[in-house]
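In what follows, chains carry the letters A, B, and so on, assigned in the order in which the sequence lines appear, proteins first and then strands, with residues in each chain numbered from 1.
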2 protein chains.
Amino acid sequence: MASPVRRRAQESRWHTASQVLAWLRLHPGATRAALAQDLQLSSGLATELTGRMRALSLLAEAPAPPQGRGRPTTVLGAHPDGPVVLAIDLRMADWRHAVAGVDGGLRDVTGSRHVSRDPETVLADIRRVIAAVRDRYGHRLRAVALAVAGSIHDGRLAQSATLGWRDVDLTALTAGGTVPLLPGNDATLAGLAEARTGAAVGARAALHLMVEVGIGGAFTVDGQPSTGAHGAAGEYGHQPYGNRSLPCPCGSRGCWDLEIDGRALARHLGLPAPADPRGFARQLLDRAPRDTATRQALEAVAGALGAGIGGLVNVHDPDVVTLGGLAAPLRAAAPEVFAAAYTGGLMAFHRGQPPPVVDAVHGDDGALHGAAVLALDHVTSETALAEWSARPH
Amino acid sequence: MASPVRRRAQESRWHTASQVLAWLRLHPGATRAALAQDLQLSSGLATELTGRMRALSLLAEAPAPPQGRGRPTTVLGAHPDGPVVLAIDLRMADWRHAVAGVDGGLRDVTGSRHVSRDPETVLADIRRVIAAVRDRYGHRLRAVALAVAGSIHDGRLAQSATLGWRDVDLTALTAGGTVPLLPGNDATLAGLAEARTGAAVGARAALHLMVEVGIGGAFTVDGQPSTGAHGAAGEYGHQPYGNRSLPCPCGSRGCWDLEIDGRALARHLGLPAPADPRGFARQLLDRAPRDTATRQALEAVAGALGAGIGGLVNVHDPDVVTLGGLAAPLRAAAPEVFAAAYTGGLMAFHRGQPPPVVDAVHGDDGALHGAAVLALDHVTSETALAEWSARPH
DNA sequence: ACCTTATGCTCGTACCACGAGGATAATGGA
DNA sequence: TCCATTATCCTCGTGGTACGAGCATAAGGT
């Protein structure tokens with residue numbers, strides 16, 4: 001615990017080290033010479049910093065293969081005894097987890113299907129995994145991030161149509177331990193992953209939209225998602241873009257959600273609401289080319305998707321929009337309809353150079369990667385580094 | 001000009017000084033002792049910092065009136081030779097400007113009506129004022145911020161329904177000089193002012209919505225507005241919340257704008273679109289109590305306002321929502337309808353503690369104050385302080 | 001072998017932050 | 001009037017990061 005008086009000096013002490021680790025995650029397998037050049041470190045400072053961080057097990061250096069003339073440099077990587085985080089992605093039918101070191105690489109990616117979708121059972125499973133990882137890594141485990149397909153509010157899972165849960169306390173997962181638990185909405189974290197290592201790399205402001213059951217997303221600026229006051233931001237599916245006569249399970253009416261996912265497709269086809277909207281939509285996407293009615297339903301949905309995205313671009317003014325989950329195949333099913341609705345929804349001055357709408361690159365791994373990013377951001381923060389350095393190594 | 005190599009040291013050198021000036025603006029007329037306590041500065045550091053900043057004309061100290069026992073402290077304020085900024089608010093019928101020092105206080109608030117609304121004429125007027133202020137303050141003038149009732153895109157005024165302008169280059173206003181021009185949307189800057197010194201003080205995340213002609217706003221996190229990639233964020237009026245059959249001057253259809261302002265009121269009353277939607281709405285608000293049809297029109301608008309705000313709360317998850325311009329009286333005209341639509345538009349888990357919707361406190365001065373905040377943020381940044389200190393005094 | 005190139009290391013300097021100890025300037029009571 | 005009390009300011013020695021110059025080192029090229 002840093003004394004409050006020493007606060008400013010403590011933090012500035014780890015400022016550059018934190019920058020180094022952030023840079024390392026963006027450039028895995030990079031050399032020390034490249035680090036010094038990118039961050040404009042003097043060679044003296046690079047020596048001192050890497051030395052200090054090596055001594056603290058924050059960094060490992062290995063001789064780099066010589067490339068041309070000059071003294072060979074070293075390759076930077078995570079230290080074998082360095083801090084690690086646990087990333088968990090809790091989805092409708094299954095959940096997965098992985099361990100990551102400060103270089104951002106995911107290790108031990110493991111998954112298993114839910115035996116029961118009952119909250120108590122699932123949370124007990126997760127608690128078991130956390131305990132197992134803590135047993136294996138000991139004090140090296142510094143944070144656990146949990147991506148959930150539902151709305152997060154002050155550390156609680158407020159509601160999840162996907163899982164059928166309502167107001168589940170997640171903080172209890174690491175209660176008793178000292179490891180912080182960082183929960184996040186799955187679409188928000190997938191957006192974070194796209195911004196850092198995905199289709200939105202290089203963009204200052206990026207909007208990610210993900211369709212599974214309903215539509216969610218994240219707006220990131222300089223790689224930081226806008227989380228709002230209680231971590232509940234990004235619920236784009238619950239904007240009144242739709243038909244006011246349709247009630248939404250969220251409690252509101254006319255939500256965009258209802259115009260986008262499998263429920264909307266079923267409605268357009270005159271079918272009852274499917275139990276598994278995601279699976280239903282996937283089926284339709286597969287058989288679309290052969291079925292006119294299905295194609296028309298997909299066109300309606302693609303249009304609703306494009307028009308809404310146009311409105312969101314007006315609100316957020318992103319450099320780029322990324323599509324995750326079913327959003328990408330939905331657009332691909334009716335690209336002209338989507339494009340017309342998208343540009344039609346933009347304010348005139350955006351139409352000269354509309355932000356490109358690109359498919360996400362992380363696929364189903366987005367939320368898991370994003371959870372790792374969230375946890376590693378926490379671990380490589382200046383205060384967390386100060387804490388880590390206070391322990392013996 | 002700082003050499004790139006010295007960047008890190010230069011910035012950290014001014015880090016605390018920048019914090020001091022930021023704090024001073026939030027606590028005008030505060031004492032040095034209070035500064036040291038709030039920022040947890042050791043008394044030695046407070047001495048050194050204030051001394052350095054006094055020598056650089058960044059700060060003035062005057063003996064504080066003694067209050068009880070103990071050695072009297074000093075009151076901090078802007079130095080009489082310190083840096084200043086020029087804030088300008090360009091509105092439909094008139095424009096105003098003011099000079100501000102680093103303590104944030106607005107001086108010489110002046111206004112004048114447009115003789116002509118022709119862009120060239122108005123911009124020439126503004127150029128004249130900038131030149132006059134520069135003549136008077138010389139190198140002390142460090143930034144000019146310009147609030148405009150229109151959409152900003154990469155430093156240009158992309159379109160303004162209010163002024164009837166389209167794609168006007170604003171950067172030319174200070175061309176030739178070295179003073180940076182910082183343009184901003186008026187609603188965005190009003191939101192900034194509310195977040196720093198208005199109704200949203202203390203909130204981490206705040207949403208400001210302002211109705212004049214159409215509706216615009218700003219989402220601020222920790223006092224920083226989300227500006228997007230090109231400074232065009234916050235165009236809430238151009239989300240497809242409304243009736244798709246209505247074309248909007250922005251080029252899209254069904255914009256929220258068309259459901260909220262004087263044009264919506266006229267439509268509900270079966271009247272043609274008014275030339276001055278703002279004045280028209282003001283008239284109706286005045287005579288509402290005596291006229292049933294008007295009251296019903298106002299109720300429809302208040303409902304559309306509340307429902308949209310509910311959707312935006314789902315998106316942004318703010319701590320508080322502030323209403324500027326006509327938004328406050330529109331709500332007041334039908335508070336029950338507004339409240340029902342607002343909570344009805346919220347996702348269920350927000351309804352337990354919905355973010356309070358409060359009236360803005362800056363009134364018509366919001367954009368001008370926000371422009372001053374924007375300019376002063378620039379001037380008290382670490383790099384700007386480094387530049388200032390490099391000059392002789 | 002020697003030069004060239006690229007990088008790492010050492011060390012003196014500059015500067016901010018910190019904390020302890022003492023100085024200072026007011027009040028208020030004896 | 002004098003002195004204790006209180007709150008603040010100032011001085012100074014220490015610690016720590018960043019910087020840059022100069023030198024050392026380890027390769028490839030000639």
Exercise. Report, as a single string ordered 5' to 3', how protein heavy atoms within less than 4.0 Å touch nucleotides 21-30 of chain C: B base, S sugar-phosphate only, - not at all.
Key: --BBBBBS--
Practice problem: Step through it carefully: locate the ring centre of H316(B), locate the ring centre of H316(A), and say whether they are under 6.0 Å apart. | Solution: yes
Rounded to whole Å, how long is the line connecting atom [atom1] of [X] with atom [atom2] of [N]?
X      : N       : atom1 : atom2 : value
L45(A) : dG8(C)  : CG    : P     : 13 Å
M53(B) : dC15(C) : CE    : P     : 18 Å
E48(A) : dA21(D) : CD    : C1'   : 16 Å
L49(B) : dC9(D)  : CG    : P     : 13 Å
L76(A) : dG8(C)  : CG    : C1'   : 13 Å
W14(B) : dT17(D) : CH2   : P     : 22 Å
Q67(B) : dA7(D)  : CD    : C1'   : 11 Å
H15(A) : dC15(C) : NE2   : P     : 20 Å

Practice problem: May I ask you to verify if any side-chain N or O of T73(A) is less than 4.0 angstrom from the OP1 or OP2 atom of dG8(C)? | Solution: yes
Quiz prompt | OP1 or OP2 of dC10(D) under 4.0 Å from side-chain N/O of T47(B) | solution = yes
Quiz item: On DNA chain D, nearest-nucleotide positions of R52(A) versus G44(A): which is more 5'?
Solution: R52(A)
Quiz item: Can you list every ring-ring contact (aromatic ring centres under 6.0 Å, His included) pair that touches residues 19-60 of chain A, not counting sequence neighbours?
Solution: W23(A)-H27(A)
Quiz item: Is there a donor in the side chain of H208(B) and an acceptor in the side chain of T188(B), or the other way round, less than 3.5 Å apart?
Solution: no
Quiz item: In terms of side-chain heavy atoms, does S57(B) have a donor or acceptor partner in R140(B) at a distance below 3.5 Å?
Solution: no
Quiz item: Which pairs count as salt bridge (Lys or Arg N to Asp or Glu O under 4.0 Å) when at least one residue sits in residues 188-200 of chain B, sequence neighbours excluded?
Solution: R196(B)-D377(B)
Quiz item: Would you call R25(A)-D103(A) a salt bridge at under 4.0 Å N-O?
Solution: no
Quiz item: Can you check whether L385(B) reaches S18(B) side chain to side chain, under 4.5 Å on heavy atoms?
Solution: yes
